[in-house]
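Structure record follows, encoded as C-alpha cells.
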Amino acid sequence: MTIEPSDRVKAVPPSGIRRFFEIAEERDEVISLGVGEPDFSTPWAARDAAITSLEQGKTSYTANRGKRELRESIADYVADRFDLGYDPAEEIIVTAGASEAVDLAFRAFVDPGDTVAIAQPSYISYEPGVIFAGGEVLPVPTRKEDEFRLTVEELDAAGAADADVLVVCYPNNPTGAIMREEDLEPIADFAREHDLTVFSDEIYAELTYDGDHTSIATVDGMRERTIVFNGFSKAHAMTGLRLGYALGPADAIGAMNKIHQYAMLSAPTTAQYAALEALDSCENDVREMVDQYDRRRQFVLSRFREIGMDVFEAKGAFYCFPEVPEGFTAEEFAEDVLREQGVAVVPGDVFGVGGEGHLRISYATGLEDLREALTRIEAFVAEHA
Amino acid sequence: MSEREVLELLRENARYSAADIARMTGLEEQEVEAVVEELEGAGVVRGYQAVVDWDKLEDERVRAEVELNVRLDRETGYGDIAERLARFPQVKALRLVSGDYDFDMEVEGDSIREVSQFISEKVAPVPEITQTVTHYVMTSYKENGIELGDGEDDDRLSFSP
Ligand SMILES: Cc1ncc(COP(=O)(O)O)c(C=O)c1O
C-alpha cells in the first residue's frame with residue numbers, strides 16, 4: 001500500500017534546485033553561489049540572548065502572536081526604519097520564519113479557484129504556497145529592460161486585473177531589483193482600482209545599496225489591503241532560528257493567527273529572545289554586514305562585466321542576475337559550469353517567467369571564494385562561448 | 001575616505017590585488033595603487049605579513065608574552081628602553097601599556113629554552129628593568145583579527161531558496 005498524497009501536493013512539481021543539488025553532492029570542492037542565506041553568523045549579542053534565555057529555562061510557548069515585548073519592538077523598528085505604523089496588539093504576528101507568514105497568508109486569504117498574480121522571477125515558495133491553498137497562479141513577468149521592476153503594462157497584459165491577490169517581493173530574490181516609491185505608486189493604483197490584496201515580501205528590506213527601502217504599504221490607500229512579510233533570516237543572519245513576522249490590518253492578522261494558533265501555537269521561544277536582542281542592539285552588526293555585501297556586489301558586478309556577461313545592476317538583496325552567453329540555456333550553463341568547474345549557480349528558470357536565460361548568483365559567500373568562482377566562470381566562458 | 005576603505009580591505013586581506021580593491025570600492029585601479037603607495041610612503045602601512053597558526057605546523061614555535069616593569073632615571077625614558085629592546089629579533093611586538101606593568105612584549109623562539117635564555121640573559125640584565133613576568137602562550141585562538149584552529153566547514157546547503 002502507498003499513502004496517496006493529495007492532488008494539491010501532486011500538483012506541485014519537484015523543486016528545480018533539487019537536481020543541481022544532487023550533482024553538487026557528487027563533486028568535490030564545489031564553490032557555491034547557489035545559497036540564499038547569509039554566510040555570516042548571527043550577531044553575538046543575539047546568540048547570547050538566546051543562550052541566556054535557555055539558561056533561565058525560558059522554553060515554554062509564548063503568546064500565539066509572539067511575545068508582546070517582541071511585537072512592540074518590531075513595531076518600533078518598522079516605524080523607525082520603514083515608516084510603517086502597526087499596532088503590536090493586533091496588527092503584528094510573529095511566525096516561524098517569513099516562510100510561515102507567507103503560507104498563513106495564502107491559506108487565510110486564498111479560496112479554491114482564486115487567482116494569485118505573482119510578479120516573477122521570484123522566490124520559489126510562492127507558487128507551491130498558492131497551489132497548497134487551492135488557488136491558481138498567474139505569473140506576471142518583469143523584464144530586464146524595466147530593471148526587473150513590476151509595471152502596470154505587464155499586470156494588464158497578464159490579466160492581473162481579474163486576480164484576487166498580487167504577490168511582490170522587493171528587494172527581489174532572485175534579481176536583486178528594488179522598487180522605489182514612484183515605481184510602487186502605479187502598482188498601488190492598479191491594486192486599488194482592481195481590488196487586489198497585496199502580499200509584499202520585504203525580507204530583504206535592510207539589504208539595499210542605493211537609498212532606503214520603501215514599502216508598498218506606505219503608499220496612499222495601500223495599508224488596508226496589504227500584508228507585509230519580514231523576518232530575521234537575512235539582515236540579522238538568523239536563518240536557522242526560524243523567525244519572521246507579518247504586518248497587516250487587525251482583521252487580516254487575526255485570520256492568519258487563527259491558522260497559526262493551531263498549526264504552530266507560537267514561534268520558537270528561544271528565537272524570539274534572540275530577535276528581541278537583535279532589534280535592541282545589533283544595528284551596527286547589520287550595517288557591517290550590509291557594507292560587506294555591498295563590496296561583494298560591486299566586485300561581482302564588475303567581474304561579470306569583465307567576463308563579458310551582461311549583468312543587471314542589482315541594488316538589493318544579495319543576488320545578482322547575469323545573462324548566460326549566447327548558445328546556452330540557463331539550465332545548460334548552470335549544469336556544465338557545475339560539472340566542469342565546480343561552481344554552483346541557479347538557473348533563472350527556476351524562479352518563473354522572465355528568469356529564462358539568466359543565472360542567480362548569490363554573493364553571500366566570502367570574497368576569496370567569490371574571486372575563485374568568478375575566475376572559474378571566466379575560464380568556462382572563454383572555453384565555450 | 002577612500003584611504004580608510006583601502007586600509008580596511010588591506011587589513012582584511014593584504015593579498016587583495018589593486019584590481020580586486022578597485023572592484024570593491026568603485027575606485028579606478030590606478031587610484032587604488034596611488035593610495036596604497038601613498039600610505040606606504042607615509043609610513044601608515046608598515047608591512048605585509050602572513051597570519052600563521054603555528055599549532056598546525058610540525059615545527060615547534062614558542063611564544064611568550066612578557067610583562068616588564070622598569071625604573072626610569074633622569075637620563076633614560078621609556079623610549080630609550082624600548083629602542084634597545086625592539087632591536088632584538090626575538091621581540092615581535094613591544095608596547096608601552098597602562099596598568100600594573102610598563103611594557104608588554106611578545107617574544108618568539110624555537111624552544112622554551114631559547115626563549116627563557118633570551119629573557120634571562122638579554123632582557124633581565126637591562127639595568128632599568130626591575131621585573132619580568134613571562135607567560136608562555138599555550139594555544140592561540142585568534143591572531144590579527146583572524147580566528148585560528150579548525151576552520152569549521154561551511155555545511156550550508158550548496159543550493160538554497
Ligand atoms: C524572498 C524570500 N522570502 C522569504 C524567505 C524565507 O525566509 P525565512 O527564513 O524567514 O522563512 C526567503 C529565503 O530565501 C526569501 O528569499
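Keep in mind that the numbers below use all heavy atoms, side chains included, and drop hydrogens, waters and symmetry copies. Below, chains carry the letters A, B, ... as their sequence lines are ordered, and counting in each starts from 1.
If you measure heavy-atom distances from Val350(A) to chain B, you find no contacts under 4.5 Å at all. At a 4.5 Å heavy-atom cutoff, the contact between Arg371(A) and chain B is made by side-chain atoms alone. Only the side chain of Arg360(A) comes within less than 4.5 Å of a heavy atom of chain B; its backbone N, CA, C and O stay farther away. Only the side chain of Asn13(B) has a heavy atom closer than 4.5 Å to any heavy atom of chain A. Neither the backbone nor the side chain of Ile21(B) comes within contact range of chain A; no heavy atoms are under 4.5 Å apart. Residue Glu22(A) does not touch chain B at all, counting heavy-atom pairs closer than 4.5 Å.
Ring pair Tyr126(A)/Tyr123(A) is perpendicular by interplanar angle, where above 60° counts as perpendicular and below 30° as parallel. Using a 30° and 60° split on the angle between ring planes, Phe318(A) and Tyr293(A) fall in the tilted class, from 30° to 60°. In this structure, Phe199(A) and Phe106(A) have tilted ring planes: the angle between them lies in the 30° to 60° band. A tilted orientation is assigned to the rings of Tyr209(A) and Tyr363(A), their planes being inclined by 30° to 60°.
Annotation: maximal heavy-atom pairing with chain B below 4.5 Å, among Ser15(A), Pro38(A), Ser362(A), occurs at Pro38(A).
Of residues 28-37 of chain A, those residues lying under 4.5 Å from chain B by any heavy-atom pair are Ser32(A), Gly34(A), Val35(A), Gly36(A), Glu37(A).
A salt bridge links Glu306(A) with Arg23(B); the closest basic N to acidic carboxylate O contact falls under 4.0 Å. Salt bridge absent: Glu340(A) and Arg27(A) never bring a charged side-chain N and a carboxylate O closer than 4.0 Å. Using a 4.0 Å cut-off between charged nitrogen and carboxylate oxygen, Glu8(B) and Arg11(B) do not count as a salt-bridge pair.
Under the 3.5 Å distance criterion, with hydrogens and angles disregarded, no donor-acceptor pair is assigned to the side chains of Glu114(B) and Gln90(B). No hydrogens or angles considered: nothing links the side chains of Glu5(B) and Ser2(B) as a donor-acceptor pair under 3.5 Å.
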